[in-house]
2 protein chains.
Amino acid sequence: MDESEFLAGYDPRAYPAVAVTVDVVALTIRGGALHVLLVRRGEQPHAGRWALPGGFIRPDEDLPEAAARELAEETGMPGRVHIEQLASYGTPGRDPRMRVVSVSYLAFAPDLPAPRAGTDAADAAWHRVERLPELAFDHARILTEGLERARDKLEYTPLATAFVGETFTISELRSVYEAVWGVPLHAGNFHRKVLSVPGFVESTGETTETGGARGGPRAKLYRAGDARLLHPALLRPAREEEIR
Amino acid sequence: MDESEFLAGYDPRAYPAVAVTVDVVALTIRGGALHVLLVRRGEQPHAGRWALPGGFIRPDEDLPEAAARELAEETGMPGRVHIEQLASYGTPGRDPRMRVVSVSYLAFAPDLPAPRAGTDAADAAWHRVERLPELAFDHARILTEGLERARDKLEYTPLATAFVGETFTISELRSVYEAVWGVPLHAGNFHRKVLSVPGFVESTGETTETGGARGGPRAKLYRAGDARLLHPALLRPAREEEIR
DNA sequence: GCAATAGTGTCTATAAGACACTATCTT
DNA sequence: AAGATAGTGTCTTATAGACACTATTGC
């Protein structure tokens with residue numbers, strides 16, 4: 001190995017600067033539909049275009065902290081938010097300014113207050129995932145992969161409970177699955193299945209104060225149980241097109 | 001927003017330099033046991049300690065390319081290697097030299113030739129995952145998460161076929177599952193299950209030239225099918241301890 | 001009363017796993 | 001001949017999903 005190879009391998013300052021950002025795919029359910037948080041960019045590049053909330057990491061700040069901070073700056077961040085890492089993107093040219101590697105995070109929260117525009121965004125709003133504007137950078141790809149991850153994790157983890165309140169009914173939980181998967185589920189079978197999974201939900205002993213808005217009996221209330229994995233899993237209806 | 005906030009948000013050059021590396025968890029099966037590729041570091045920090053192969057990304061090089069290059073530099077890279085992203089790690093202080101964000105990759109390959117020491121490693125060798133030396137940096141954590149990911153993906157993707165040759169027997173495929181999961185599987189049930197999954201394997205019409213080393217009939221040969229997901233999945237025997 | 005919903009019962013098809021068994025190969 | 005392995009048959013239990021049904025509520 002010659003000198004130039006040694007330097008190439010061990011001295012990062014020999015390279016052009018690399019910036020690291022975090023981008024957050026924040027999901028919630030509003031009015032029975034899955035929504036993602038988008039901000040309208042106030043600066044170039046892509047000024048005026050919608051993008052995922054995110055920004056450069058700060059010194060002495062860990063990656064999950066940076067994601068939580070960026071999300072808080074855009075929403076007011078009401079406590080109960082589940083955050084987990086999604087993937088990283090570093091294709092040269094994905095940001096026209098310089099080499100940028102973005103670490104993306106998934107965030108799930110119960111229905112949140114309307115977001116407020118943050119420190120570096122002209123506007124912020126929840127968008128239905130079925131009707132999205134054109135996104136800046138490669139954020140459409142990041143969002144697509146985030147949605148697919150969320151749909152997968154709903155199957156074998158208790159993630160759905162992160163989308164509802166502290167206590168919830170089985171129907172509310174079912175509407176989370178229906179919103180994220182985009183398919184209607186059989187109410188009776190879903191009910192029995194959720195209760196059959198050890199540790200998924202536990203009864204509070206309480207019921208709702210009233211019946212449903214359009215009639216029906218009061219529903220029992222549950223809270224999240226202590227399971228980290230669902231066994232048996234709640235599998236999506238088979239998707240032939242995704243198998244091959 | 002004041003001027004300092006603006007700069008903090010949009011000018012990465014205002015920060016201390018951040019370096020981005022890729023680290024590769026390369027897995028293969030040798031003698032029925034799962035092995036991971038480790039290199040012995042030749043330079044400070046952690047000189048002389050075993051570590052995952054990896055290094056700084058280069059300008060104009062995409063992340064998966066960087067992972068493939070680092071792996072090739074350590075092994076001689078025999079073509080058929082499956083690579084996929086694992087996760088990113090950026091806790092301040094994880095590298096004593098400077099702020100380093102590492103994007104880790106998982107690589108799977110059939111039994112490879114013995115690795116050769118690469119450009120920036122004093123030594124390189126396959127290690128059984130049950131008997132590992134102490135690792136540099138936070139590589140023990142990265143490796144643990146990589147193993148868990150591999151075990152999961154074996155369940156619902158045809159990943160196991162990446163560990164065997166172009167054609168293979170059902171027994172060879174079963175020994176992949178046994179090595180990665182670390183549990184014995186019932187030969188008869190496994191056989192029937194694999195053949196029942198559409199697109200997992202397809203028959204070549206051929207058989208092995210001889211029976212097994214210790215006797216038994218010649219086995220039919222298969223090649224990987226066109227399925228991207230296994231349905232139904234081949235689930236691991238239930239792990240009570242991992243559920244709660 | 002009527003319509004909607006919560007929750008339960010039942011039946012069928014599919015899948016997982018235990019076990020037995022035959023055929024074919026190596027030593 | 002003996003022992004190991006490939007591959008198949010069969011039975012039991014668990015699960016997924018279709019469908020029916022009762023009870024309770026809002027309007």
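Every chain is numbered from 1 and lettered A, B, ... according to where its sequence line falls, protein lines coming before strand lines.
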_If the test is side chain to side chain donor-acceptor pair (under 3.5 Å), which one of A:Arg94, A:His139, A:Glu145 qualifies with A:Tyr89?_
A:Glu145
*For B:Ala87, does its backbone N or O pair with a side-chain atom of B:Ser104 as donor and acceptor, under 3.5 Å?*
yes
*B:His231 side-chain N/O to B:Leu229 backbone N/O, donor-acceptor pair under 3.5 Å*: no
*asked:* Short of 4.0 Å, heavy atom to strand atom, which residues of residues 199-208 of chain B count as contacting DNA chain C?
replied: none
*asked:* If the condition is side-chain hydrogen bond (donor to acceptor under 3.5 Å, both in side chains), which residues does A:Arg49 pass it with, not counting sequence neighbours?
replied: none
*Kindly state which residues belonging to residues 161-189 of chain B come within less than 4.0 angstrom of DNA chain C, counting heavy atoms of the residue only, listed by number.*
B:His186, B:Asn189
*For B:Glu134, does the CD atom sit with more than 12 other heavy atoms under 6.0 Å from it, leaving out its own atoms?*
no
*Is the closest basic N to carboxylate O distance between A:Glu206 and A:Lys220 below 4.0 Å?*
no
*Atom CZ of B:Arg236 and atom P of C:dA16: how far apart are they, to the nearest Å?*
15 Å
*Going by an N to O cut-off under 4.0 Å, is there a salt bridge joining B:Arg141 and B:Glu148?*
no
*asked:* Strictly below 4.0 Å, N to O, side chains only: are B:Arg69 and B:Glu73 in salt-bridge contact?
replied: yes
*Polar side chain donor-acceptor pair, B:Ser88 to A:Ser88, under 3.5 angstrom*: yes
*Looking at A:Glu155 and A:Arg236, does any basic side-chain N land under 4.0 Å from a carboxylate oxygen?*
yes
*Keeping the roles fixed (side chain from B:Gln85, backbone from B:Val103), state whether a donor-acceptor pair exists under 3.5 Å.*
no
*Measure from CZ on B:Phe190 to P on D:dG7 and round the result to the nearest Å.*
12 Å
*Take nucleotides 21-27 of chain C nucleotide by nucleotide from the 5' end and write B, S or -, depending on whether a protein heavy atom sits under 4.0 Å from the base, only from the sugar-phosphate, or from neither.*
---BBSS
*Would you call the rings of B:Phe108 and B:Phe163 parallel, tilted or perpendicular, where under 30° means parallel and over 60° means perpendicular?*
perpendicular
*asked:* Considering only residues two or more places apart or on different chains, which pairs with a residue in residues 186-195 of chain B satisfy side-chain hydrogen bond (donor to acceptor under 3.5 Å, both in side chains)?
replied: B:Asn189-B:Arg192
*Using a cut-off of less than 4.0 Å, is there contact between a side-chain N or O of A:His191 and OP1 or OP2 of C:dG7?*
yes
*Whole angstrom value for the distance that separates P of D:dT5 from CG of B:Leu221*: 18 Å
Polar-atom pairs under 3.5 Å, protein N or O versus N or O of nucleotides 12-16 of chain D: list them with distances, or write none.
unit_1	atom_1	unit_2	atom_2	d
D:dA16	OP1	A:Ala233	O	3.2

